[in-house]
Amino acid sequence: MVLSLASTAWAGNPGGKIRTLVSSFKGTEGFDVVDLGGPAMLLLKAAAGAEADDPEDRAALDLFRSLKRLTVIDFSEAAPEKREKFLRKLDRILDGEEVLMEAKDGGEKVAIYGLSSKDGSRIEDIIIRADDALISVKGSIRTDQVEALMKQAEK
């Protein structure tokens with residue numbers, strides 16, 4: 001997975017296009033958007049830091065500290081035609097992009113996409129697409145940090 005993260009390079013700034021798409025649906029009935037940046041992220045990081053009491057938690061916190069923005073959009077209550085319009089636009093943005101990981105839980109499918117730096121040393125955007133929700137994480141995480149955390153989690 002880490003090799004996939006390092007080799008993924010997105011043309012045309014899909015992360016920016018997704019933020020524009022989310023902004024265009026913000027305020028639409030049935031689309032609940034939570035957009036955390038700046039001060040809200042500082043508060044979350046401080047709260048997470050207070051709870052990090054073992055090496056694995058501290059390694060995860062190091063990754064979390066590099067995040068700049070978290071956007072969550074839930075469209076499970078949206079009118080079917082609005083929901084389909086959003087998903088068509090989202091799928092066009094993600095079309096042809098490499099899926100880092102895909103999972104199915106019951107009938108729901110979740111796909112995770114990642115944007116890496118040109119040299120592959122950092123992951124700069126993570127997009128998680130579910131059937132009725134989207135999570136966009138903006139930040140810069142070193143791929144070696146992800147590797148180390150994954151190795152710790154395997155123990």
Side-chain angles (χ1 to χ4, degrees), residues 1-41 44-45 48 59-154:
M1 180 171 138
V2 173
L3 293 176
S4 292
L5 292 172
S7 66
T8 303
W10 288 1
N13 188 14
K17 290 177 183 178
I18 287 175
R19 285 185 285 286
T20 300
L21 174 64
V22 169
S23 293
S24 72
F25 277 82
K26 195 173 187 174
T28 302
E29 187 174 337
F31 284 79
D32 296 320
V33 177
V34 176
D35 191 24
L36 303 174
M41 288 300 289
L44 280 175
K45 291 172 187 179
L61 182 61
D62 285 343
L63 290 177
F64 186 65
R65 284 188 175 130
S66 63
L67 303 181
K68 294 181 173 115
R69 176 169 298 289
L70 173 67
T71 304
V72 179
I73 182 167
D74 177 346
F75 45 91
S76 60
E77 301 295 320
E81 63 276 0
K82 295 283 185 185
R83 184 177 183 275
E84 290 305 313
K85 182 178 179 181
F86 178 84
L87 287 172
R88 275 193 310 273
K89 289 181 176 192
L90 177 61
D91 288 342
R92 260 183 275 163
I93 293 168
L94 297 175
D95 186 40
E97 302 302 337
E98 184 177 350
V99 177
L100 302 178
M101 187 168 72
E102 194 170 77
K104 290 185 181 182
D105 184 20
E108 186 174 19
K109 180 177 148 184
V110 176
I112 301 174
Y113 300 82
L115 170 64
S116 71
S117 60
K118 290 188 189 276
D119 67 1
S121 66
R122 296 188 163 280
I123 302 165
E124 296 172 347
D125 273 331
I126 297 173
I127 308 298
I128 303 169
R129 184 216 189 274
D131 293 338
D132 56 5
L134 175 74
I135 299 171
S136 174
V137 182
K138 177 70 177 161
S140 184
I141 303 167
R142 290 189 343 252
T143 53
D144 62 333
Q145 286 179 300
V146 175
E147 267 182 1
L149 188 61
M150 289 174 60
K151 286 179 184 174
Q152 273 188 339
E154 289 175 359

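- The side-chain contact (heavy atoms from CB on, under 4.5 Å) test with Ile135 is passed by exactly one of Asp74, Ile73, Val72, Ile112: Val72.
- Other residues, nucleotides and ligands place more than 12 heavy atoms under 6.0 Å from the CD atom of Glu108.
- In this structure, the separation between NZ on Lys138 and CG on Asp35 is 13.0 Å, given to the nearest 0.5 Å.
- Between Phe86 and Phe25, the two ring planes are perpendicular [angle over 60°; tilted spans 30° to 60°].
- Annotation: the span from Tyr113 atom OH to Ile18 atom CD1 amounts to 8.5 Å, rounded to 0.5 Å.
- Atom CD of Glu29 has 12 or fewer neighbouring heavy atoms from other residues, nucleotides or ligands inside a 6.0 Å radius.
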Exercise for review: Just do the salt bridge (charged side-chain N to carboxylate O under 4.0 Å, His left out) check on Arg129 and Asp91 with the steps written out, would you?
Suggested key: CA-CA 10 Å; Arg129 184 216 189 274; Asp91 288 342; 3.0 Å; yes
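- Annotation: side chain of Arg83 is in contact with side chain of Asp132 (closest heavy-atom distance under 4.5 Å).
- When all heavy atoms of Ser136 and Ile127 are compared, the closest pair comes out as OG-CD1, 3.5 Å.
- Minimum heavy-atom separation, Asp131 to Phe75: O-CE1, 3.4 Å.
- The shortest side-chain heavy-atom distance between Asp125 and Arg19 falls under the 4.5 Å cut-off.
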